[in-house]
Amino acid sequence: MKRLFILLMSLYFFNASAQDISFARKIVDTLTSPYFWGRGYTNDGMKKAADFIADQFKQYGLQPLDKKSFFQKFSYPVNTFPGKMEVAINGRQLVAGKDFIVAPEAHGLKAEGILQEKDSADFIDMKNRLIVNLSDKLTWSASAEAAEYTLIEIDKKAVDKPPAEFKVDIDSKFINNFKAANVCSYVKGTEKPDSFIFITAHYDHLGGMGKDIYFPGANDNASGISLLLNLARYYATHPQKYSIGFICFAGEEAGLFGSKYFTENPLVPLKNIRFLINTDLAGTGDEGITVVNATEFPKEFAFMNEVNDEDKLLVKINPRGKAANSDHYFFTEKGVPAFFFYTMGGIKAYHDVFDRPETLPLNEHEDLFKLIVKFNQKLMGE
Ligand SMILES: [Zn+2]
């Protein structure tokens with residue numbers, strides 16, 4: 001009988017786990033699909049992602065953080081590439097994303113001519129303000145500024161001799177007031193509803209580069225959103241002593257615009273936030289996680305390690321100091337205790353077209369879920 005019970009229990013846990021991971025997988029697959037176009041600046045990608053997340057919050061039964069709307073709207077400047085994206089070097093047409101990227105701040109250009117070699121990596125055409133740079137790894141970004149030049153980075157492996165002859169046709173469009181929104185919700189606390197624990201993650205990514213390619217951003221940060229949504233779903237049916245808030249930020253990649261806006265226009269008083277946990281790049285974890293602000297908040301870092309040791313979750317939790325590398329930053333600057341964690345090991349794709357759902361392991365998703373739930377319990381149990 002006891003053995004049957006154990007068997008049933010293990011089946012139950014197996015099913016619960018299988019469900020969690022398939023939920024996460026579904027969210028990542030959805031957010032990285034062409035419909036969302038890299039959750040960026042063309043094809044309405046970012047807005048579609050915001051609508052999808054708000055709809056998830058609604059389905060799970062969460063309330064808007066300001067009790068009116070899930071969206072906290074704001075705008076910021078950004079350089080975009082909605083149209084032509086053609087680059088030919090030495091008579092050969094290159095493939096956007098794979099063979100080359102255009103610098104995020106680059107000016108559009110339609111021109112042809114001959115490049116002058118500046119050094120072994122840089123080739124220029126002064127007349128057209130064109131710079132061609134040979135690189136080992138193409139890493140794209142989003143830019144809030146527009147340059148007067150056109151910089152094209154080419155993967156070294158895509159050319160067999162130094163770039164000389166060129167023909168380019170690139171459209172860029174600078175948008176002064178790109179409209180975006182943070183998506184914010186909460187589950188009301190049962191005993192201390194005015195005290196908050198926040199779980200945050202950015203949902204925007206780099207969007208598309210030209211008409212044909214987009215950057216899926218599976219690890220960055222569909223993975224973090226899948227973890228946040230899984231936790232939102234859990235807390236909706238398991239209200240806690242404190243209110244648990246959720247913010248999915250926009251505009252992170254172009255310069256932490258969403259989290260900056262929230263800290264300047266907070267929907268709950270910042271002093272009521274007991275702790276904030278930001279997750280960005282949550283899709284691997286073979287080598288554990290790194291926690292930014294660990295040295296700033298040693299007591300909470302000890303809590304996290306206790307939970308991890310008790311339940312044998314992650315192989316390692318690396319402490320790190322302050323860093324302005326994700327959405328926790330402006331909160332910390334305003335006195336809100338916060339951690340930002342990212343997973344270590346596994347795939348190397350980052351800000352490139354190879355950050356795809358097919359190769360994202362999500363192997364620590366469930367451990368991260370448990371770590372956060374138990375860590376929050378410790379915070380509320382003080
Ligand atoms: Zn990110």
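Note that the coordinates shown come from a computational prediction; the quantities given were computed from them, not determined experimentally. All ligand and atom numbering here is 1-based and tracks the order in the structure.
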Practice item. Identify whether NZ of Lys or CZ of Arg in Arg274 sits under 6.0 Å from the centre of the six-membered ring of Tyr242 and within 45° of that ring's axis. Key: no
Practice item. Run the numbers on Ile197 and Ile244 for side-chain contact (heavy atoms from CB on, under 4.5 Å), then give the verdict. Key: CA-CA 5 Å; Ile197 289 175; Ile244 311 288; 4.1 Å; yes
Review point. Taking the inter-plane angle between the rings of Tyr76 and Phe257 on a 0 to 90° scale, is it parallel (under 30°), tilted (30 to 60°) or perpendicular (over 60°)?
Key: parallel
Check your understanding: Think Lys48 forms a cation-pi with Tyr35, using NZ or CZ under 6.0 Å from the six-ring centre and within 45 degrees of its axis?
Key -> yes
Exercise for review: Return the set of protein N, O or S atoms whose distance to the Zn ion (ligand 1) is under 2.8 Å, each given as residue and atom.
Suggested key: His202 NE2, Asp220 OD1, Asp280 OD1, Asp280 OD2
Point to revise | Residues that Lys137 engages under salt bridge (Lys or Arg N to Asp or Glu O under 4.0 Å), provided they are two or more places apart | key: Asp352
Review point. Under 3.5 Å, is there a donor-acceptor pair between the Asp355 and His205 side chains?
Key: no
